Amino acid sequence: MSDIKIQTAGFDARFPNVNQTKRCWQNYFDYTKCVAKKGEDFPPCKQFLRTYLTVCPNEWIERWDTQKEEGTLPFDVNA
């Protein structure tokens, strides 16, 4: 038997509605900023990562990752 633990993003009172678009974007944004400042191993960064991977459509993540690599993401990760 596998020891894989499957966990979805928990409730976030900032986003009580069914539409999770803002929650998706906010967690992607927070993860990107967190990693830029604290590194990928910082536990709060990992929570942002788990949440956006759960909530965001894969196509959005791929597009934002591409924009980040190209420097065209609509925010500055180092600000």
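Basis for what follows: all heavy atoms, side chains included, without hydrogens, waters or symmetry-related copies. Numbers here are sequence positions counted from 1. Keep in mind it's a predicted model, so treat the numbers as computed, not measured.
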*Distance only, no hydrogens: is a donor on one side chain within 3.5 Å (strictly under) of an acceptor on the other, for Q47 and R50?*
yes
*Are D65 and K68 close enough that some pair of their side-chain heavy atoms sits under 4.5 Å apart?*
yes
*asked:* Looking at every non-hydrogen atom in both residues, tell me the closest pair between C45 and G39 and how far apart they are.
replied: SG-O, 3.6 Å
*Assess whether side chain to side chain contact (heavy atoms under 4.5 Å, CB included) is satisfied between W60 and T21, documenting all intermediate values.*
CA-CA 10 Å; W60 293 7; T21 302; 3.8 Å; yes
*So how far is it from N27 CG to T54 OG1, rounded to the nearest 0.5 Å?*
9.5 Å
*State which residues pass ring-ring contact (aromatic ring centres under 6.0 Å, His included) with F48; sequence neighbours excluded, sorted by chain then number.*
none
*To the nearest 0.5 angstrom, please state how far the CZ atom of R63 sits from the SG atom of C56.*
11.0 Å
*asked:* Under a plain distance cut-off of 3.5 Å, with no hydrogens placed, do D30 and Q26 share a side-chain donor-acceptor pair?
replied: yes
*For the residue pair K38 and P44, establish whether any side-chain heavy-atom pair is separated by less than 4.5 Å.*
no
_Does any part of the side chain of L53, heavy atoms only, come nearer than 4.5 Å to the side chain of I61, both counted from C-beta?_
yes
*Would you list the pairs meeting ring pair (Phe, Tyr, Trp, His ring centres under 6.0 Å) in which at least one residue belongs to residues 19-42, sequence neighbours left out?*
W25-W64, W25-F75, Y28-Y52, Y28-W64, F29-F75, Y31-Y52
